[in-house]
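Each remark here refers to the structure printed beneath this line.
In what follows, residues are counted from 1 in the order of the sequence shown.
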Amino acid sequence: MATHFTVRHTFRGVDVDAFWQKVFFDPEYNRRLYLEALGFSDFDILEQTEEPNGAVTRTLRQTPKTEAPAVVKKLVGDSISYTEKGRFDPATKRWTYSITTSKLADKIRIGGEFWVEPKGGDAVERVCTVDLEVKIFGVGKAVEGFIEKQTKDSYDKAARFTQQFIDEGLG
């Protein structure tokens, strides 16, 4: 049984197009987000390409610092990195992504979609849907619960940083 959840955050001082161009795809925003705001030990943009129609594909490699419960540490050790592959569709203005973990990749499936909606005035709401499934007998639900909590906490931290970045004049 997979876990599905949605996370929403509102940002002031940015419109939909500026969010994508001046925040989400900005290399400095991403560097500061992952290394400073989220405290990841490693972050690299492995590839980012833009097609003539405005579609963007990007591959990131990241290593979060987390205090995992014993059941997770027993499975993956003290750290786990992951690769995120995503694609921005300019027609729908949606980012669709999938994550591959460095360990147990055949047992852990994570993916989702982001979009931003105008909220009137100079505000947008970022909507993130996440689907995750851990197929490990006996502990799958516990690991899913840990990943869900870590993901929600990261989105909350990222939202605070994103508003700060926008307030600074978008970097």
Side-chain angles (χ1 to χ4, degrees), residues 2-64 80-106 108-133 147-148 150-171:
T3 299
H4 175 83
F5 60 94
T6 301
V7 180
R8 298 172 178 268
H9 292 97
T10 300
F11 303 113
R12 301 169 320 283
V14 67
D15 64 24
V16 171
D17 290 332
F19 176 84
W20 291 110
Q21 295 165 7
K22 297 180 180 177
V23 179
F24 191 81
F25 290 116
D26 181 83
E28 182 63 10
Y29 165 80
N30 282 280
R31 185 193 68 74
R32 289 179 57 201
L33 170 66
Y34 289 102
L35 297 177
E36 295 172 17
L38 297 177
F40 283 25
S41 60
D42 183 43
F43 165 76
D44 289 304
I45 298 174
L46 300 178
E47 179 182 28
Q48 183 168 318
T49 59
E50 185 170 347
E51 298 170 19
N53 70 355
V56 178
T57 57
R58 180 173 74 181
T59 303
L60 306 176
R61 184 179 55 234
Q62 305 156 70
T63 306
I80 186 169
S81 63
Y82 61 88
T83 301
E84 176 187 319
K85 292 184 178 189
R87 184 175 192 279
F88 175 73
D89 180 342
T92 61
K93 296 188 180 184
R94 288 180 178 242
W95 173 256
T96 306
Y97 70 93
S98 63
I99 289 176
T100 304
T101 56
S102 61
K103 299 172 184 170
L104 300 172
D106 59 329
I108 300 172
R109 185 184 58 77
I110 305 170
E113 191 172 41
F114 288 27
W115 64 93
V116 284
E117 301 171 350
K119 287 312 229 185
D122 68 343
V124 297
E125 182 177 54
R126 179 190 64 195
V127 182
C128 308
T129 62
V130 180
D131 293 297
L132 69 100
E133 185 173 23
I147 294 171
E148 179 179 1
Q150 289 295 309
T151 301
K152 287 178 176 178
D153 289 350
S154 289
Y155 280 139
D156 288 345
K157 286 179 188 173
R160 288 190 294 276
F161 172 75
T162 300
Q163 187 61 62
Q164 175 189 328
F165 185 83
I166 293 166
D167 292 346
E168 289 172 0
L170 301 174

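- For the ring-ring contact (aromatic ring centres under 6.0 Å, His included) criterion with Y29, the lone passing option out of F165, F19, Y34 is F165.
- When the options W115, F25, F88 are evaluated for a ring-ring contact (aromatic ring centres under 6.0 Å, His included) with W95, the one that passes is F25.
- Using a cutoff of 4.0 Å between basic side-chain nitrogens and carboxylate oxygens, D131 and R109 are not scored as salt-bridged.
- Shown here are the salt bridge (charged side-chain N to carboxylate O under 4.0 Å, His left out) partners of R8, two or more places apart in sequence or in another chain: E125.
- Rounded to the nearest 0.5 angstrom, E47 CD and L60 CG are separated by 11.0 Å.
- Listed here is the closest heavy atom pair of D15 and V124: C-CG1, 3.7 Å.
- Minimum heavy-atom separation, A159 to F11: O-CE2, 3.4 Å.
- Here OG1 of T96 is found 8.0 Å from CZ of R94. Values are rounded to the nearest 0.5 Å.
- Under the 4.0 Å criterion applied to side-chain N and carboxylate O atoms, R61 and D44 are assigned as salt-bridge partners.
- Contact detail for E51 and T57: the closest heavy-atom pair is OE2-CG2, 4.4 Å.
- Closest non-hydrogen pair, I80 versus K103, comes out as CD1-O, 3.8 Å.
- Atom CD1 of residue I147 and atom CG of residue L132 lie 5.5 Å apart, to the nearest 0.5 angstrom.
- Between the side chain of S102 and the backbone N or O of S81 there is at least one donor-acceptor pair closer than 3.5 Å.
- Taken from CG in N30 to CG in L35, the straight-line distance is 10.0 Å, to the nearest 0.5 Å.
- In this structure, R12 CZ and K119 NZ are separated by 15.0 Å, a value rounded to the nearest 0.5 Å.
- The cationic group of R126 does not satisfy the cation-pi geometry with F24, failing either the under 6.0 Å distance to the six-membered ring centre or the 45° limit from the ring axis.
- Scanning for salt bridge (charged side-chain N to carboxylate O under 4.0 Å, His left out) contacts around E50 gives an empty result, with sequence neighbours left out.
- Within 6.0 Å of atom NZ in K152, more than 12 heavy atoms from other residues, nucleotides or ligands are found, so the atom counts as buried in its surroundings.
- Counting heavy atoms from C-beta outward, K22 and V14 have side chains that stay 4.5 Å or more apart.
- The shortest side-chain heavy-atom distance between V130 and V7 does not fall under the 4.5 Å cut-off.
- Without hydrogens or angle criteria, Q48 side chain to V56 main chain gives no donor-acceptor distance under 3.5 Å.
- Between F114 and Y155, the two ring planes are perpendicular [angle over 60°; tilted spans 30° to 60°].
- For the pair P90 and N53, the tightest heavy-atom approach, listed with the atom from each and the gap, is CG-O, 3.2 Å.
- Nearest heavy-atom pair, D17 versus K93, reported as atom, atom and distance to 0.1 Å: OD1-NZ, 2.5 Å.
- The CD atom of Q163 lies 10.5 Å from the CD atom of E168; values are rounded to the nearest 0.5 Å.
- Using a 3.5 Å distance cut-off with no hydrogens or angles, the side chains of T100 and T83 do not pair a donor with an acceptor.
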